[in-house]
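Notes for the one structure printed next.
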Amino acid sequence: MSINAKLNEHLARGTVGFPTALASTVGLIMASPVILTATMGFGIGGSAFAMAMVIAMLMMLAQSTTFAEAASLMPTTGSVYDYISAGMGRFFAITGTLSAYLIVHVFAGTAETILAGVMALVNFEHLNTLAESAGGAWLLGVVFVIGFGVLNAFGISVFSKAEVILTAVMWSTLMVFGIGGLIAAPAVELDGLFGASLVGTDLITILSLVGMAMFMFVGCEFVTPLAPDLKRSAWVLPRAMAVGLLGVGSCMFIYGAAMKRQVENVLLDEAAGVHLLDTPMAIPQFAQQVMGDIGPIWLGIGFLFAGAATINTLMAGVPRILYGMAVDGALPRVFAYLHPRFKTPVVCIAVVAAIPCLHAWWLGGNADSMLPLILAAVCAWATAYLLVTLSVVLLRIRRPDLPRAYKSPFFPLPQIVSTVGMLLGIWFIAPPGIEPSAVYVPFALMLGITAAYALFWTLVVQKVNPFRPVPVEEILEKEFNHEPGVHGVESGFHVAKTV
């Protein structure tokens, strides 16, 4: 059977559709730290942050077309790892994937775990007091991680149903409050729709806010590891990512404008320069102002669903990427274990669940110092995006013969836009008030550690040329051979043959 025929057969086994893909995109992006970032960004930047958001959203829309083309060419669970392997070799694939997804998960995943509970329970005064007496509201996030880790171990259909419901409730709740805040009489007199910027409106200031704004949109590609499970994935993926990005962007613009109209950004700590919109305490005040006494309860439930949707997507996406790496032999063999009955990467799920839980416990639930680390994670994400873009361009040049069910439109314009945008975002990653070294040093450590591992693993363990691009046919053949029920995969462990 030809590769093309096998590819069609591979995609025919998809069981979930557009709603799941869209929910995965929106659910991952609209995390609790993202909503808090929007609150802080509009608080300090006003209209300047709105411009930074426009730049970040256009960059990610352009980037999403690159991911969609790569996923149509290689609809694999390994996703980003396979795309970079085919374009640039295993060294860059391991370095980019581990730094952008596993190590980033240590920071961004931990921030979500901590803030999922804090952002929700801050709206419930009595429950918040009770949670603090029991050890902290952040423990609710740990419960979410463990719970959704177990849920994802039962398979993609269970994840699908939960994700669609969680995301729908979360997005509609924020939209209702955002529109309500715009319709209601303003409690704060603003200069313009988003208010004046506290840090200036010149081009350099706007670019310095793009890094924060990028964090509000990165992650839409977490839907790509689900490509083998999607019906008509080549049609669904680009549309799900585009609609998801536009949906998140519109929601955050409305929410940000409403927050600025309804909550005065008073100075809380003059020495530290902390304002009300820099803290989660702005959330219940906003809810009360828009909806009265029912507001904090309703919005609190919405934030519970936001945290749950994001963690549910993390528990689905990251383990599948790690599993795909293990299938190629880029990780220890144990990561390639599938549950005998549910055919899910349970070892990968357990590791991905343990990382933020243990890190949150080590931090004692304190996420105050996490912003520089999250921005370092954004740099790692952007680096992986650049590697994927370069890989897709190289494959267009080297392998025009490969079947592509979806092609990035106006090629290479989207690739140029996203590349320039990512480089500018990395260069201007530190917003006013944060030293660039606080971001670049941990980012350099991320890349250094993963690059050292990649070089050692490819040369010593796999004994392959780290920089030789892996043929697309080889990647697809390996994916086909490791489908559940093929060649004894249902028995659990399977050997990841390295060529």
Side-chain angles (χ1 to χ4, degrees), residues 26 29-64 171 174-184 186-220 242-266 275-279 282-283 286 289-290 306 371 374-375 378 382 417-418 420-422 424-425 427-434:
V26 176
I29 298 174
M30 287 181 65
S32 300
V34 166
I35 300 171
L36 183 59
T37 298
T39 308
M40 294 171 58
F42 281 111
I44 64 173
S47 58
F49 186 72
M51 286 300 300
M53 271 186 64
V54 171
I55 295 172
M57 186 169 65
L58 290 175
M59 282 164 38
M60 285 307 303
L61 283 168
Q63 184 67 44
S64 71
W171 188 84
L174 276 180
M175 285 295 288
V176 167
F177 274 85
I179 294 171
L182 292 179
I183 293 174
V188 181
E189 292 296 327
L190 293 180
D191 180 15
L193 183 61
F194 299 102
S197 170
L198 301 180
V199 292
T201 56
D202 58 282
L203 179 60
I204 298 300
T205 299
I206 291 173
L207 291 176
S208 72
L209 294 171
V210 169
M212 284 181 67
M214 276 176 61
F215 180 59
M216 298 171 59
F217 296 103
V218 294
C220 69
V243 173
L245 287 167
L246 292 171
V248 169
S250 60
C251 185
M252 289 295 97
F253 278 121
I254 292 171
Y255 165 80
M259 176 67 76
K260 289 295 295 283
R261 283 168 58 90
Q262 300 301 333
V263 178
E264 187 173 0
N265 195 21
V266 296
H275 291 75
L276 179 59
L277 294 185
D278 297 334
T279 71
I283 306 298
F286 171 67
Q289 185 71 22
V290 175
L371 182 58
I374 288 174
L375 293 176
V378 171
V417 169
S418 63
V420 171
M422 296 298 164
L424 285 174
W427 183 259
F428 292 101
I429 191 65
I434 293 181

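All residue numbers in this chain count up from 1 along the given sequence. Owing to the predicted nature of the structure, the values given are computational and were not obtained by experimental measurement.
The two residues I29 and M216 come nearest to each other via the heavy atoms CG2-O, 2.7 Å. Nearest heavy-atom pair across A282 and T39 is CB-CG2, 4.4 Å. Among all heavy-atom pairs drawn from M252 and L174, the shortest one is CE-CD1, 3.8 Å. Across all their heavy atoms, M259 and I283 have their closest contact at CE-CD1, 4.1 Å. Listed here is the closest heavy atom pair of A187 and Q289: CB-NE2, 3.5 Å. Summarising the geometry of L277 relative to G43, their closest heavy-atom pair is CD1-CA, 3.6 Å, with the distance given to 0.1 Å.
The main-chain N or O of M422 is never found under 3.5 Å from a side-chain atom of W427 such that the two would form a donor-acceptor pair. Formation of a donor-acceptor pair under 3.5 Å by the Q262 side chain with backbone atoms of G181 is found in this model. Using modelled atom types, one side-chain atom of R261 and one backbone atom of A184 make a donor-acceptor pair closer than 3.5 Å. Judged by distance alone, with hydrogens and angles left aside, the side-chain atoms of T205 form no donor-acceptor pair with the main-chain N or O of T201 at under 3.5 Å.
The side-chain heavy atoms of I44 and S197, taken from C-beta on, include no pair separated by under 4.5 Å. Between F177 and F286 there is a side-chain heavy-atom pair separated by less than 4.5 Å. Using a 4.5 Å heavy-atom threshold, the side chains of I254 and M175 count as touching. You'll find the side chain of H275 reaches within 4.5 Å of the side chain of L198, heavy atoms only. Looking at S208 and I429, their side chains never come closer than 4.5 Å, going by heavy atoms from C-beta outward. The closest side-chain heavy-atom distance from M59 to L424 is not below 4.5 Å. A 4.5 Å side-chain heavy-atom check between V34 and F215 finds at least one atom pair inside the cut-off.
No close placement of the Y255 and F42 rings is indicated, their centers lying 6.0 Å or farther apart.
Separating the CE atom in M53 from the OG atom in S47 is a distance of 13.0 Å, to the nearest 0.5 Å. Here the straight-line distance linking atom OG1 of T279 with atom CE of M40 works out to 9.5 Å at 0.5 Å rounding. Separation of atoms CG (L193) and CZ (F253) is listed at 9.5 Å; rounding is to 0.5 Å. One finds the CE atom of M212 at 7.5 Å from the CG atom of L375 (value rounded to the nearest 0.5 Å).
Checked options L58, L61, V26; the residue passing with L245 is L61 (criterion: side-chain contact (heavy atoms from CB on, under 4.5 Å)).
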